[in-house]
Amino acid sequence: MTDRYAVIGNPVAHSKSPFIHAEFAGQTGQDLVYEQILAPLEGFATAVDNFRAEGGLGLNVTLPFKLEAFALADECSARALDAQAVNTLKFEGASVYGDNTDGIGLVRDIQVNLAFPIEGRDVLLMGAGGAAQGALGMLLDAKPARLVVANRTPQKAEQLVERLRRARGMGTALFSASGYAELAGQEFDLIVNSTSASLNNAVPELPDGVFARECLAYDMMYGKGLTPFLEKALTLGAARLADGIGMLVEQAAESFFIWRGVRPQTGPVIAAFKAR
Ligand code: NDP
């Protein structure tokens, strides 16, 4: 019987994961199908149970269920514990394993695909929502010289930073929280936008001068052409621009590896998206 996997969310129709996993399965010769499950907002756990009862082996979890997935898992990876959120579930007998591949997807895209080493760089992460939560631990593991999390609601950034800072015994010089206005006079080598502002054609108010000369501006959002953040980054002097397609494909590849033990090639799939 063909093995079954799916992405579960609400909404879910926009998800590119079925295309990506079909590409990975074809490329690696794995016998699997990958479906989409629209779960009712109050019905995530039931939808997961139903999928398991029908023989499903694993799920990608998208908005708004990543926290519920974390609560549902019996055992979690260190990166899921860092994030306190799960985007990958694997069903092994009676047990449910949870992982979070968003952070490794981001860091691999930046360091491997874009050949931009994070170690020793000054890094700014914009936003303190679910995507930032998933990315922070892996960004810290990449050993930046300094990591600042800036958010429209600074208290949310402070909470996020405080929890991880305590868990890792880090000082505020290395890892801190901020509002946007307080960034004036500071410069960063890598600026990652994890806000959803672009969805409303908005860009957080960044002071002039935050983009260092060789800065990479990275938007987790993706779409046709430049996102509003990348357009602004270009005008403020960013040297390199990247959107979140590479992250999307890399996080999917890590989920595929967790489920199947086989690492697919991401380059051809990223290229297929860019060609589209
Ligand atoms: P959340 O809703 O959890 O968080 C949204 C964040 O954006 C908050 O920090 C919020 O600030 C901030 N924000 C929203 N509007 C504005 C604005 N106008 N100005 C300034 N800040 C704003 O969303 P997620 O973190 O889950 O997702 C964020 C983005 O990341 C989405 O666009 C998503 O598509 C993308 N993403 C991409 C992935 C990929 O693989 N490429 C993976 C995961 C996410 P505040 O706290 O003040 O409200």
Side-chain angles (χ1 to χ4, degrees), residues 7-21 60-70 79-80 83-88 99-110 113-114 124-139 148-161 177-183 191-207 210 217-224 226-233 241-256 266 269-270 273-274:
V7 56
I8 184 166
N10 186 333
V12 79
H14 66 285
S15 174
K16 301 196 177 345
S17 295
F19 168 76
I20 297 173
H21 284 280
N60 279 136
V61 182
T62 187
L63 287 176
F65 300 125
K66 291 184 186 182
L67 300 184
E68 274 186 77
F70 178 64
R79 3 186 234 213
Q84 302 277 293
V86 153
N87 78 337
T88 305
D99 204 337
N100 191 313
T101 64
D102 283 335
I104 188 74
L106 171 71
V107 168
R108 256 192 212 138
D109 192 37
I110 292 172
N113 300 336
L114 301 170
L124 171 63
L125 178 64
M126 298 161 57
Q133 207 172 319
L136 257 186
M138 294 308 298
L139 280 174
V148 178
V149 182
N151 197 40
R152 178 176 61 180
T153 315
Q155 299 88 320
K156 268 173 70 182
E158 187 54 59
Q159 278 170 11
L160 199 54
V161 166
S178 177
Y180 291 112
E182 294 80 72
L183 297 173
I191 300 186
V192 178
N193 179 28
S194 82
T195 75
S196 52
S198 292
L199 288 175
N200 299 316
N201 234 10
V203 185
E205 287 293 325
L206 279 174
V210 288
Y218 190 104
D219 200 341
M220 287 194 190
M221 275 270 305
Y222 46 83
K224 255 197 212 150
L226 290 185
T227 64
F229 166 71
L230 293 178
E231 271 175 12
K232 175 144 183 188
L241 308 174
D243 72 13
I245 278 293
M247 172 180 176
L248 179 76
V249 176
E250 291 295 342
Q251 61 79 28
E254 187 69 13
S255 297
F256 193 89
T266 51
V269 183
I270 295 172
F273 272 114
K274 291 199 171 144

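Only this structure's heavy atoms are used, side chains among them; waters, hydrogens and symmetry mates stay out. Start at 1 and go down the list; that is how both ligands and their atoms are numbered.
Taking atom 8 (C) of ligand 1 as the reference point, the nearest protein heavy-atom neighbour is Asn151 OD1, 3.9 Å. Given atom 12 (C) of ligand 1, the protein heavy atom at minimum distance is Thr195 CB, 3.7 Å. In this structure, atom 4 (O) of ligand 1 lies nearest to the protein heavy atom Gly129 CA, 3.4 Å. In this structure, the protein non-hydrogen atom closest to atom 47 (O) of ligand 1 is Thr153 OG1, 2.5 Å. The closest protein non-hydrogen atom to atom 44 (C) of ligand 1 is Ala131 CB, 3.6 Å. In this structure, atom 5 (C) of ligand 1 lies nearest to the protein heavy atom Ser196 OG, 3.4 Å. Protein heavy atom at the shortest distance from atom 42 (C) of ligand 1 is Met247 CE, 3.7 Å. Looking at atom 3 (O) of ligand 1, its nearest protein heavy atom turns out to be Gly130 N, 2.9 Å.
By heavy-atom distance, the residue among Arg152, Lys156, Glu250 lying nearest atom 16 (C) of ligand 1 is Arg152. Nearest-residue assignment for atom 32 (O) of ligand 1 (options Met221, Lys16, Met220; heavy-atom criterion): Met221. Nearest to atom 20 (C) of ligand 1 by heavy atom, out of Pro228, Ser17, Pro204, is Pro204.
Below 4.0 Å from some heavy atom of Gly127 lie the following atoms of ligand 1, by number and element: 9 (O). Atoms of ligand 1 lying under 4.0 Å from at least one heavy atom of Ala128, given by number and element, are 9 (O). In summary, the atoms of ligand 1 found under 4.0 Å from a heavy atom of Gly244, numbered by their order in the structure, are 41 (N).
Residue Glu182 places its CD atom among more than 12 non-hydrogen atoms of other residues, nucleotides or ligands, all under 6.0 Å distant.
Where the criterion is an N or O separation shorter than 3.5 Å, residue side chain and backbone included, Ile245 fails it with respect to ligand 1.
Note that CD1 of Ile191 is 7.5 Å distant from CE of Met126, once rounded to the nearest 0.5 Å. Distance CG/Asn193 to CG/Leu230: 8.0 Å, rounded to 0.5 Å.
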>> Assess the residue pair Leu114 and Asp109 against the criterion (side-chain contact (heavy atoms from CB on, under 4.5 Å)); give the C-alpha distance rounded to whole Å, side-chain angles, the decisive distance to 0.1 Å, and a yes or no.
In response: CA-CA 6 Å; Leu114 301 170; Asp109 192 37; 4.3 Å; yes

>> As a quick check of understanding, evaluate side chain to side chain donor-acceptor pair (under 3.5 Å) for Ser255 and Asn60, giving each step before the final call.
In response: CA-CA 8 Å; Ser255 297; Asn60 279 136; 3.1 Å; yes

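Using a 4.0 Å threshold on non-hydrogen atoms, atom 28 (C) of ligand 1 counts as touching the protein.
Under a 4.0 Å heavy-atom criterion, Gly105 is not in contact with ligand 1. Under a 4.0 angstrom heavy-atom cut-off, Asn200 registers as lying outside contact with ligand 1.
For the pair Leu139 and Val107, the minimum side-chain heavy-atom distance is below 4.5 Å. Residues Leu124 and Leu206 have side chains in contact (heavy-atom distance under 4.5 Å, counting atoms from C-beta outward).
In terms of heavy-atom proximity, Ser15 sits nearest to Ser17 at OG-N, 3.1 Å.
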